[in-house]
Amino acid sequence: MSIPSPMITLDLLVEHLRAPFPPTEIKFLPKSPVQRGDAWICLALPYADKRAYEDRLNALVPGRWSTPAMTPLVAGNKLVIPVTLVICEIAHTDVGEAFLTSLSRKGEPREEENAATEAYSQAFRRACAQVGLGRYLYDLPKAWVPYDPQKRAIALSEEELRQLAERLYRKVGLLPASPAAEVKAATASSPGPVPVPPDQAQRPAPPASAHEIAGSAPAPALPQAPVQEPAAHIDEERLPALPPAPQASVAISESNGNLYEASVLISPYQRSWVERQLGGDPSRTAKVCQFYQVGTLDELSGQQTVDLVNRLFAQQDQERQRRASERGQRSGQPKGRKAVAR
């Protein structure tokens, strides 16, 4: 910014302060971990490091912002730190808080060494949000992701977290739609069918049965689900009947994470969840791909993913019912008589 320092006012900075951070600077805080079956998931709350805020202020108003020292407070087990951000001679104050002690994995109390750092950083970011800096982060969607209860951290790689940040940015229009989404949208709006080259117009192999996909024994049929996507190459009589899939308006919930999240293609989290349910078995993965006529799991559409998730959940429910029935039968059998010595 080339405006001379004396001419800079807060009004001139508004649009620059409200500009989003690059997706590469977005991090995620794990919140509300819950266990579903053998897997753990948690909410991923997007945030940016305090240094990203400082870098933005230093670039826009070097030497024209400060945070005067203020007295921290202690309220019970919490450390409360107020922070005042003075930018262009205008002050904005907010507070941050952090626990002084917490319980370890063994249930023993322990001191939180970074309580002051966490409380100060939170207060600083909140004060910055009052002038628009980083405020958009509060409006980004919250996603459910795999969680590691031992490390108390999100179980995703840096690359997967970057992809998640980009996906959230696209949802709110901060990034353009992905090329794959644009191609699918253009195909959907086409007035006529897309011609298939003669060399590709081959009859697909018959789809795998439901129990082959889930890798389990055949189970009784469930109530018939409505057809979500035309697929002439699938024999509907061989498909397992399923309950209706959730609608996009209730896509994210505490019980199912973002497995039913409406999207054009399968999300990184959905893919990792499906892979875990298939046990990393290449043959089972190949049967799923054959069933949906795709080369890899990454090529599954959003509707196909929801359908697959429903089928896997149905198989899990049926397996639990079968085990419960077997336990009930065993508990109802009379115990054998002990032999009496003569």
Side-chain angles (χ1 to χ4, degrees), residues 1 10-33 41-61 65 67 80-88 90-99 114-147 152-178 251-254 257-258 261-263 267-269:
M1 191 169 179
L10 195 55
D11 291 338
L12 293 177
L13 297 175
V14 171
E15 294 302 322
H16 299 281
L17 290 169
R18 291 178 178 174
F21 297 113
T24 53
E25 294 187 4
I26 300 304
K27 301 180 181 181
F28 293 92
L29 183 69
K31 284 289 185 181
S32 305
I41 58 175
C42 69
L43 273 175
L45 306 185
Y47 75 98
D49 191 88
K50 181 171 71 75
R51 295 178 181 85
Y53 289 77
E54 294 172 339
D55 291 342
R56 177 69 62 84
L57 292 172
N58 287 332
L60 294 175
V61 282
W65 71 275
T67 53
V80 181
I81 296 182
V83 170
T84 295
L85 171 66
V86 180
I87 175 173
C88 295
I90 300 178
H92 298 80
T93 303
D94 215 316
V95 297
E97 56 188 12
F99 287 106
N114 299 320
T117 302
E118 293 177 3
Y120 181 89
S121 178
Q122 184 184 76
F124 177 74
R125 293 196 300 265
R126 288 176 174 177
C128 289
Q130 293 187 19
V131 295
L133 177 54
R135 191 174 186 85
Y136 76 99
L137 291 170
Y138 294 95
D139 299 324
L140 286 181
K142 309 301 185 292
W144 287 91
V145 296
Y147 178 74
R152 297 184 179 182
I154 295 174
L156 291 178
S157 65
E158 292 185 2
E159 176 61 21
E160 290 174 323
L161 291 174
R162 183 191 63 79
Q163 294 176 359
L164 175 59
E166 292 181 351
R167 184 158 54 89
L168 298 183
Y169 269 44
R170 288 192 179 98
K171 280 189 174 184
V172 296
L174 296 178
L175 281 180
S178 61
I252 300 178
S253 70
E254 290 283 348
N258 66 344
E261 182 179 1
S263 59
S267 70
Y269 170 56

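Note that the structure is predicted; figures quoted are calculated from it, not measured.
One distance of note links CG of D55 with CG of L60; it measures 11.0 Å at 0.5 Å rounding. If you take CG on D49 and CZ on F21, they are separated by 9.5 Å, rounding to the nearest 0.5 Å. Taking CD1 of I26 as the start and CG of L168 as the end, the distance is 9.5 Å to the nearest 0.5 Å. For the atom pair CD (E159) and CG (L156), the distance works out to 11.0 Å, reported to the nearest 0.5 Å. To the nearest 0.5 Å, atom CH2 of residue W144 and atom OG of residue S32 are 5.5 Å apart. One finds the CD atom of E54 at 10.5 Å from the CG atom of L133 (value rounded to the nearest 0.5 Å).
Not one N or O on the side chain of R152 forms a donor-acceptor pair closer than 3.5 Å with the backbone of P30. When atom types are taken as modelled, the side chain of K142 and the backbone of L140 share a donor-acceptor pair closer than 3.5 angstrom. Side chain of R125 to main chain of G96: no donor-acceptor pair is present (N/O by atom type, distance under 3.5 Å, no hydrogens or angles). A donor-acceptor distance shorter than 3.5 angstrom exists from the side chain of E160 to the backbone of S157, with no hydrogens or angles considered. Side-chain atoms of R135 never come within 3.5 Å of backbone atoms of R18 as a donor-acceptor pair (strictly under, hydrogens ignored).
Counting all heavy atoms, side chain and backbone alike, P46 lies closest to L137 at CG-O, 4.1 Å. Shortest non-hydrogen contact noted between L161 and I154 is CD2-CG2, 4.1 Å. Of all heavy-atom pairs between Y53 and C128, the closest is CD2-CB, 3.6 Å. Taking each heavy atom of I81 and A123 in turn, the nearest pair found is O-CB, 3.3 Å. Taking all atoms of both residues into account, the shortest heavy-atom contact from K31 to C42 is O-CB, 3.5 Å.
The only option from L43, L164, I41 that meets the side chain to side chain contact (heavy atoms under 4.5 Å, CB included) definition with V145 turns out to be L164.
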Please report the C-alpha distance between L57 and L85 in whole Å, then the side-chain angles of each, then the deciding distance to 0.1 Å, and finally whether the side chain to side chain contact (heavy atoms under 4.5 Å, CB included) criterion is met.
CA-CA 11 Å; L57 292 172; L85 171 66; 4.1 Å; yes

Quick one, H92 with I90, criterion side chain to side chain contact (heavy atoms under 4.5 Å, CB included). Give me CA distance, side-chain angles, the key distance, then yes/no.
CA-CA 7 Å; H92 298 80; I90 300 178; 3.4 Å; yes

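Between R162 and E158 no salt bridge is recorded (no basic side-chain N to carboxylate O distance below 4.0 Å).
Between Y169 and Y136, the ring planes are perpendicular. Angles over 60° get that label, and only those under 30° would be called parallel.
There is no side-chain donor-acceptor pair under 3.5 Å between E118 and Q122.
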